[in-house]
Amino acid sequence: MHLPTGDEPAGYDPAVVERKWRARWDAAATNVTDLAGGPRPFYALMMFPYPSAEGLHVGNLFAFTGNDIYGRFQRLQGHTVFEPFGYDAFGIHSENYAIKVGVHPAELIPRNIANFRQQVQRAGLMVDWTHELSTTDPSYYKWTQWVFLQLYQRGLAYKKKAAVNWCPFDKTVLANEQVIAGACERCGTIVEQRLLEQWFFRITDYAGRLLANLDTLDWSETTKTAQRNWIGKSEGAEIAFPVLDVMVYGTSTANTATTGEVTAAPPTVKVFTTRPDTIFGATYLVLAPEHPLVAQITGDEQRSAVQVYVNAAASQDLVSRKTTKDKTGVFTGAYATNPATGRPIPIWIADYVLMEYGTGAIMAVPGHDERDHEFARVYDLPIVQVVAPADGGGDVSAAAFTDTAGCRLVSSGRFTGMTVEEGKAAIVAELAAHTAAVPVVNYRLYDWCISRQRYWGPPIPIVYCDDCGTVPVPESQLPVLLPLIDDFRPDDSGISPLARHDEWYHTPCPQCGKQGRRETDVSDTFLDSAWYFLRYPSSEREDVPFDRTLVKRWLPVHSYIGGNEHAVLHLLYSRFVTMVLHDAGLVDFEEPFTRFRAHGLIVREGAKMSKSKGNVVNPDQYIDEWGADAFRTYLMFLGPFEEGGDFRDKGISGVKRFLDRLWRSVQDAERGRPADPDVQRKLHQTIRKVGEDIPRLSYNTAVAAMMEYMNTMRAGERRPRLEEVRPLVQLVSPFAPHIAEELWEMMGGTTSVFDAGWPVYDPALVTEDRVTMAVQVNGKTRGTISVAKSASQDDAMAAVHGDPALAKFITGAPKRVIFVPGRLINVIV
RNA sequence: GCGAGAGUGGCGAAACUGGCAGACGCACCAGACUUAGGAUCUGGCGCCGAAAGGCUUGGGGGUUCGAGUCCCCCCUCUCGCACCA
């Protein structure tokens, strides 16, 4: 570092400038938002991070900076901008890490947060720190529990047994993504399936609205598509297949005893299908191994084989069940009548049919479904063709024929000859008349399991009482505090560690006062993050989850920026919770995020960053060496914000050089002289370009445009004039806020540059009077001509003939001339 | 397998509704100022060619006066979902 000597003007020292302005912003409360009164509210939200022990990742900073630029730009446009920050600090991630290093998460998390906060503050974000929140804070999770109660009261929270992945070595429940090839990702032990009672939210009740509302949202199209696929609407029919030769066994004596009579009516297998048109090709039925009818319909001879298969399916872990594509199954011995053909077809069970989708049973049409075809070939079941293309092909012996466009039904009784669409409608109508079918819309979406048999999360606010049953904890008794216990490791029971702490576990029933037992599951972190945007504006309020007046004023969120890894779950759950609160009359809108943009991923030197590769960029190190302003601007210059970019270590020097030149331009600027007309034109073009690029998140091209202007302004060691530099400082400010403030002050600014507005370009000054037009001969570019902007075709032709290098290509009389004013002339000879 | 996105110089990337492909930056080359340069400034820089000129946006076809951009087929990569009936 070289120090200024003598009269030489002070050089640009980012460390000094950035320290000065961070202090100044704090002292003057520059970034504190007037939530109650500020005009034109603009809520610029970014996804809050998980405060990991490793500290801030460049990926975080890339996202935050992109949001900050957008927010600062909105402020410069006259909005009152609210840019809050918080931490998503509950969850298995923190807990596992705490267990690994042997420090209690309650101690670890505040430490990580302090570190994170300090790193984020160095980046110069326009964050209003007076509204900081952490999901682990009792004053926050009190209201997370309140959200649970709102759902509970509306009948949207319920308990049921569900299968989970269980690692017998780590003694813990695993998420599906923690199971690799049937084994625990951490210890390699083979994962088992366990059935546990879990709390669910009825998000499926909202599937239709969650899908329909997507059309009204200004979101990245990729994100909307991901949500549509996740919701997975499919229209079809439920069709009833009566079971033949029913054997009623004594297993259902309990029912018989209560009703006092044996119902001889044969059971019916209901299947869901999207292809009712193929019913004449349904040659067998398949039930999921867990299907309730299995025990009832299985014949004596098949009973032991079926039992073995059912047990095997029950013990297999969830992931390998879904990833093993080899078809297996067993025959139950029972038959059902195909309501279309009237003929008996066998009933099988197989694990390729999932209990959780549709009715847990299918009609198998091996001729026109690949999975059924595969199964039919393994077990030698009949394959019948009932759909054929117009040309009569579509052989189904070797593979299923799944095309539908332009195809017609064959071998389908009186439906033969109909198109697939006609057949679907006609067959469902026919069967519906005999109450054998009903049109049904099914969703792939399943209910949201919020139970975690772990320690580090908000306890679910429920008490079990022998007399009163399941009792919600009243709002006045919230929060149900997570006890600070040292023994929080999960054990073999599959029950949360909280159950081992009697003084917490036993609690009076809120209704009758007798001793009850607390729910020991904690809730999913996705619940913490499904409402935090409502909390921010009134994060300090102890008496309410959110101030309704402020929510009305500030929400829905105007701009939300975050990673596409949350395209589905976080965003869907947030929409769901908001919709429920809307239905409960607690907020006025259904959709929390008006506009959402997903940012891209940062890689380094073409490779994904990871701890194991040791190629992770440490933001502190870069900020120390280059300054936060250069670092921010460089991150934005890497590539299109929504696509991410490649962090190349040497690349930052170009951006730093640009800021150095900006600094010197202000120092060298000639005062009291108007801008040079040519420079001024470029300036106004640049103002327009940057002002158009920022709202599109086209930050890389905005930076390029400013660099280009710099090159114009300083071309040939030209000394810039103050009026040429001043607006550039304003344009740069969202990207490099500290240096912009310093230069603004050096130029005589008395307020923050962020309260000085955005420069306005003059459309009259943007246009060039002379343009360069491309000259093509027979469609081949041969050169350019410089003509007046208003030049006619004749003027342009004259200019072409006037240039020998161009004229020589025109070897004959022009047959045709294409003239695009101001752009190009194409002469066909 | 299904869905989404992307393939452009040595590298990161630009290119709005089809109209000069490669803006801006890195790296590299040459020069200036320098005791010095990992500082600063000036100029050059897609490929082949001495030049004229030719070739060039993953590959192959097509539409058009004109295609990175539109249409069809194929290849590669990244991400998401994964037996969803």
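Quick caveat, the model's predicted, so the values are computed rather than measured. Letters A, B, ... mirror the listed sequences (proteins, then strands); counts begin at 1.
- Using a 4.0 Å heavy-atom criterion, one finds that Leu824(A) contacts the bases of the nucleic acid, with or without backbone contacts as well.
- Taking atom CG on Leu569(A) and atom C1' on C81(B), their separation rounds to 11 Å, with Å as the unit.
- Here Thr784(A) lies in heavy-atom contact (under 4.0 Å) with a base.
- Under 3.5 Å, the side chains of Ser234(A) and Asn442(A) contain no donor-acceptor pair of N or O atoms.
- Distance CZ (Phe819(A)) to C1' (C65(B)): 15 Å, rounded to an integer number of Å.
- Note on Arg597(A) versus Asp218(A): salt bridge recorded, some NZ/NE/NH1/NH2 to OD/OE distance being below 4.0 Å.
- Closest to the Thr772(A) side chain, of the nucleotides C20(B), G19(B), C83(B), is C20(B).
- In this structure, Val655(A) and Phe631(A) have side chains that are not in contact, with every pair of non-hydrogen atoms separated by 4.5 Å or more.
- Looking at Asp668(A) and Arg718(A), no side-chain N of the basic residue comes within less than 4.0 Å of a carboxylate O on the acidic one, giving no salt bridge.
- Using a 4.5 Å heavy-atom cutoff, the side chains of Val775(A) and Thr784(A) are not in contact.
- Salt bridge status for Lys224(A) with Asp215(A): absent, with no side-chain N to carboxylate O gap under 4.0 Å.
- The side chain to side chain donor-acceptor pair (under 3.5 Å) check on Lys682(A) picks up Glu708(A), with sequence neighbours excluded.
- Scanning both residues, Arg681(A) and Val766(A), for their nearest heavy atoms gives CG-O, 3.8 Å.
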Would you tabulate the pairs of protein nitrogen or oxygen atoms and nucleotide nitrogen or oxygen atoms of nucleotides 71-80 of chain B closer than 3.5 angstrom?
{"from": "C79(B)", "atom 1": "OP1", "to": "Lys608(A)", "atom 2": "NZ", "distance (Å)": "2.8"}

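- Less than 6.0 angstrom separates the ring centroid of Tyr284(A) from the ring centroid of Phe375(A).
- Residues Thr712(A) and Thr686(A) are not in side-chain contact: their nearest non-hydrogen atoms beyond the backbone lie 4.5 Å or more apart.
- Counting any heavy atom pair closer than 4.0 Å across all strands shown, Ile362(A) reaches a base atom.
- In the set C65(B), C83(B), C81(B), the nucleotide with an atom closest to the side chain of Tyr352(A) is C83(B).
- When the P atom is compared between C16(B) and A85(B), the two are found 39 Å apart, to the nearest whole Å.
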Grab the N/O contacts between the protein and nucleotides 47-56 of chain B below 3.5 Å, and write none if there aren't any.
{"from": "G53(B)", "atom 1": "OP1", "to": "Lys808(A)", "atom 2": "NZ", "distance (Å)": "2.8"}
{"from": "G54(B)", "atom 1": "OP1", "to": "Arg782(A)", "atom 2": "NH1", "distance (Å)": "3.2"}
{"from": "G54(B)", "atom 1": "OP1", "to": "Arg782(A)", "atom 2": "NH2", "distance (Å)": "3.3"}
{"from": "G54(B)", "atom 1": "OP2", "to": "Arg782(A)", "atom 2": "NH1", "distance (Å)": "3.1"}
{"from": "C55(B)", "atom 1": "OP2", "to": "Lys780(A)", "atom 2": "NZ", "distance (Å)": "3.4"}

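- Residues satisfying the side-chain contact (heavy atoms from CB on, under 4.5 Å) test with Val353(A), not counting sequence neighbours, are Val286(A), Ala288(A), Ile362(A).
- Here the side chain of Asp646(A) is nearest to one of A85(B), C41(B), G12(B), namely G12(B).
- Nearest heavy-atom pair, Gly563(A) versus Phe596(A), reported as atom, atom and distance to 0.1 Å: O-CZ, 4.4 Å.
- Only the C1' atoms considered, G18(B) is 13 Å distant from C71(B), to the nearest whole Å.
- Ion pairing of Lys650(A) with Glu605(A) is absent here, as no side-chain N (NZ or NE/NH1/NH2) approaches a carboxylate O to less than 4.0 Å.
- Rounded to a whole Å, the CG atom of Asn442(A) is 8 Å from the P atom of A85(B).
- Contact annotation: Thr781(A) reaches the phosphate of A21(B) (side-chain N/O to OP1 or OP2, under 4.0 Å).
- Distance, Arg718(A) CZ to U40(B) P: 21 Å, rounded to whole Å.
- Spacing between atom CG of Asp649(A) and atom P of G12(B) amounts to 14 Å, rounded to whole angstrom units.
- Shown here for Val386(A) and His368(A), the closest heavy-atom pair between the two residues is N-NE2, 2.9 Å.
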For residues 632-645 of chain A, tabulate all N or O donor-acceptor pairs below 3.5 Å that involve a side-chain atom, not counting sequence neighbours.
{"from": "Arg632(A)", "atom 1": "NE", "to": "Phe735(A)", "atom 2": "O", "distance (Å)": "2.8"}
{"from": "Arg632(A)", "atom 1": "NH1", "to": "Asp68(A)", "atom 2": "OD2", "distance (Å)": "2.9"}
{"from": "Arg632(A)", "atom 1": "NH1", "to": "Ala123(A)", "atom 2": "O", "distance (Å)": "3.0"}
{"from": "Arg632(A)", "atom 1": "NH1", "to": "Gly124(A)", "atom 2": "O", "distance (Å)": "3.1"}
{"from": "Arg632(A)", "atom 1": "NH2", "to": "Asp68(A)", "atom 2": "OD2", "distance (Å)": "2.8"}
{"from": "Arg632(A)", "atom 1": "NH2", "to": "Pro734(A)", "atom 2": "O", "distance (Å)": "2.8"}
{"from": "Thr633(A)", "atom 1": "OG1", "to": "Asp629(A)", "atom 2": "O", "distance (Å)": "2.7"}
{"from": "Tyr634(A)", "atom 1": "OH", "to": "Arg648(A)", "atom 2": "N", "distance (Å)": "3.2"}
{"from": "Tyr634(A)", "atom 1": "OH", "to": "Arg648(A)", "atom 2": "O", "distance (Å)": "2.7"}

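- Summarising the geometry, the separation between CZ on Arg696(A) and C1' on A15(B) is reported as 11 Å, rounded to the nearest angstrom.
- Contacts of Arg444(A) classified as side chain to side chain donor-acceptor pair (under 3.5 Å), with partners at least two apart in sequence or in another chain: none.
- Residue Glu370(A) places its CD atom among 12 or fewer non-hydrogen atoms of other residues, nucleotides or ligands, all under 6.0 Å distant.
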query = Reading nucleotides 22-29 of chain B 5' to 3', which nucleotides get B (base under 4.0 Å from a protein heavy atom), which S (sugar-phosphate only), which -?
reply = -BBSSS--
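- Distances shorter than 4.0 Å separate some side-chain N or O of Arg664(A) from OP1 or OP2 on C41(B).
- Using a 4.0 Å cut-off between charged nitrogen and carboxylate oxygen, Asp660(A) and Arg657(A) do not count as a salt-bridge pair.
- Residue-level contact check: Gly606(A) touches neither bases nor backbone, having no heavy atom under 4.0 Å from any strand.
- Every residue two or more places apart in sequence or in another chain was checked for a salt bridge (Lys or Arg N to Asp or Glu O under 4.0 Å) with Lys270(A), and none qualifies.
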remark   = Heavy-atom contacts, protein to nucleotides 30-38 of chain B, under 4.0 Å, summarised as B (base), S (sugar-phosphate only) or - (none) per nt, yield ---------
Do any N or O atoms of the protein come closer than 3.5 Å to N or O atoms of nucleotides 5-9 of chain B, and which pairs are they?
none

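- Going from the P atom of U69(B) to that of G61(B) covers 14 Å, rounded to whole Å.
- G9(B) shows a glycosidic angle within 90° of 0 and is accordingly assigned syn.
- Remark: RNA chain B forms stems of 3 or more consecutive Watson-Crick or G-U wobble pairs, all pair distances under 3.5 Å, at B:1-7 with B:75-81, B:10-12 with B:24-26, B:28-32 with B:40-44, B:46-48 with B:53-55, B:58-62 with B:70-74.
- Between Gly716(A) and Gly779(A), the residue anchored closer to the 5' end of RNA chain B is Gly716(A), taking for each the nucleotide with the nearest heavy atom.
- At a threshold of 4.0 angstrom between heavy atoms, the contacts of Val353(A) include nucleobase atoms, whether or not backbone atoms are also involved.
- Mapping Val775(A) and Thr225(A) onto RNA chain B by nearest heavy atom places Thr225(A) closer to the 5' end of the strand.
- Residues satisfying the ring-ring contact (aromatic ring centres under 6.0 Å, His included) criterion with Tyr309(A), sequence neighbours excluded, are absent altogether.
- Note on ring orientation: taking the six-membered ring where Trp is involved, the planes of His570(A) and His566(A) are perpendicular (angle over 60°, cut-offs 30° and 60°).
- For the pair Leu287(A) CG and A85(B) C1', the computed distance is 13 Å after rounding to whole Å.
- For the pair Ile828(A) CD1 and U64(B) C1', the computed distance is 11 Å after rounding to whole Å.
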